[in-house]
Amino acid sequence: MATIGMGDIKKGARLEITGNPYKVIDFQHVKPGKGAAFVRMKIKNLQTGKVIEKTVHAGDKFEVPELEQKTMQFLYDDGEFLQFMDTTTFDQIGLTHEQVGKETFDFMVDGMEAEILFHNGKAISVEIPATYVYEVVETPPNFKGDSQGGKKPATLNSGAVVQVPFHVLEGEKIKVNTVEGEYLEKAK
């Protein structure tokens, strides 16, 4: 198995600590006046999403986690699990709402493709497309004089609510940034 040392640490690097996969979010090489250099890093647990700080000294080695990414299709929410299907083998897996996360689930619609990350054969996280086209299912009507760049709430067919310009009406399709939860433009 490959290993990562102090000199190999960079943003986005993945490493395994006590059997859990982590991703380096931020790091800083520190060279104190006395003593050996070290690296202070912020890492995110890919299973729980929790961010911690860790200090790495020369000679410390980390395993590179065995991660596999598969494109799967979101089928439905059965109340207990969110069901996903591998579009090549037609195998299905169920993930809990905690594994998917509320921010991601709010923007998921039936049939959407998602990237599922597996660690040692076990699904650990879900990533949906950064931009996606949704239909506006509910939004207040426009009033005369509502042309001055204001915003109003709009409920999407996924159930998420985003702020949209006044000119957007029910039934229209809009492109949304799913990472920030923001309206981008009307879909063409």
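- Put simply, the side chain of D106 never gets that close to the backbone of E103: no donor and acceptor are under 3.5 Å apart.
- Of the inter-residue distances, the one linking R14 atom CZ with I4 atom CD1 reads 10.5 Å to the nearest 0.5 angstrom.
- Crowding of K152 atom NZ: a count of heavy atoms from other residues, nucleotides or ligands under 6.0 Å exceeding 12.
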Exercise for the section: Evaluate the side chain to side chain contact (heavy atoms under 4.5 Å, CB included) criterion for residues I124 and L67: first the C-alpha distance (whole Å), next the side-chain angles of each, then the deciding distance (0.1 Å), finally the verdict. Expected result: CA-CA 10 Å; I124 59 170; L67 298 172; 4.3 Å; yes
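- Inter-residue side-chain proximity for N120 and E66 is flagged as met; some heavy-atom pair is nearer than 4.5 Å.
- Minimum interatomic distance between L184 and V176 (heavy atoms only, all atoms of both residues): CD1-C, 4.0 Å.
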Practice task
Take L82 and V126 through the side chain to side chain contact (heavy atoms under 4.5 Å, CB included) test and state the conclusion after the steps.
Solution key: CA-CA 11 Å; L82 303 173; V126 177; over 6 Å; no
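- With T139 contributing its side chain and P153 its backbone, the two residues share a donor-acceptor pair below 3.5 Å.
- Of all heavy-atom pairs spanning K173 and V133, the tightest one is CB-CG1, 3.9 Å.
- A donor-acceptor pair is defined here as one N or O able to donate and one able to accept, closer than 3.5 Å; no such pair exists between the side chain of E170 and the backbone of E138.
- With hydrophobic clusters built from ILVMFWY side chains whose heavy atoms lie under 4.5 angstrom apart, V109 shares a cluster with I128.
- A donor-acceptor pair under 3.5 Å links the side-chain atoms of T178 to the main chain of P129, judged by distance alone.
- Here the CD-OG1 distance, from E180 to T131, works out to 12.5 Å after rounding to the nearest 0.5 Å.
- Within 6.0 Å of the CD atom in Q83, the count of heavy atoms belonging to other residues, nucleotides or ligands exceeds 12.
- Of all heavy-atom pairs between K11 and F27, the closest is N-CE2, 3.4 Å.
- K44 NZ: 12 or fewer foreign heavy atoms inside a 6.0 Å radius.
- At a threshold of 4.5 Å between non-hydrogen side-chain atoms, the residues L156 and I174 count as touching.
- Although no hydrogens or angles enter the test, the distance criterion places no donor-acceptor pair under 3.5 Å between the side chain of K175 and the main chain of E185.
- Between the OG1 atom in T87 and the CD atom in E113 there is a gap of 5.5 Å [rounded to 0.5 Å].
- Between F105 and H97, the ring planes lie perpendicular to each other; the angle is over 60°, past the 30° to 60° tilted range.
- Atom CG of L46 sits about 9.0 Å away from atom CG of L15, to the nearest 0.5 Å.
- Side chain of Y134 to main chain of F107: a donor-acceptor pair is present (N/O by atom type, distance under 3.5 Å, no hydrogens or angles).
- Cluster annotation: L95 is not connected to M85 through the hydrophobic network of ILVMFWY side chains, with a link wherever side-chain heavy atoms come within less than 4.5 Å.
- Under a hydrophobic clustering in which Ile, Leu, Val, Met, Phe, Trp and Tyr are joined whenever their side-chain heavy atoms come within less than 4.5 Å, directly or via other members, V137 and M108 fall into different clusters.
- In the hydrophobic clustering of this structure, F84 does not group with F90; members are Ile, Leu, Val, Met, Phe, Trp, Tyr whose side-chain heavy atoms approach within less than 4.5 Å, directly or through other members.
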Exercise for the section: Could you go through the side chain to side chain contact (heavy atoms under 4.5 Å, CB included) check for Y22 and I52 one step at a time? Expected result: CA-CA 10 Å; Y22 287 87; I52 61 170; 4.0 Å; yes
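- To the nearest 0.5 Å, the span separating CD on E68 from CD1 on I116 amounts to 11.5 Å.
- Using modelled atom types, one side-chain atom of N157 and one backbone atom of E135 make a donor-acceptor pair closer than 3.5 Å.
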Problem - Worked check of side chain to side chain contact (heavy atoms under 4.5 Å, CB included) between S125 and L117 - result: CA-CA 5 Å; S125 71; L117 191 63; 3.4 Å; yes
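- Under the 30°/60° scheme for interplanar angles, the aromatic rings of H167 and Y183 are found to stand perpendicular.
- The two residues F118 and A123 make their nearest non-hydrogen contact at CD2-N, 3.4 Å.
- Across A154 and V164, no two heavy atoms sit closer than the pair CB-CG2, 3.7 Å.
- For the pair D86 and M72, the tightest heavy-atom approach, listed with the atom from each and the gap, is N-CE, 3.3 Å.
- Note that the CD atom of E53 and the CE atom of M41 stand 10.5 Å from one another [nearest 0.5 Å].
- Screening D8, V56, I43 against F62 for a side-chain contact (heavy atoms from CB on, under 4.5 Å) leaves a single residue, V56.
- Between T3 and E63, the side chains place no donor N or O within less than 3.5 Å of an acceptor N or O (distance only, hydrogens not considered).
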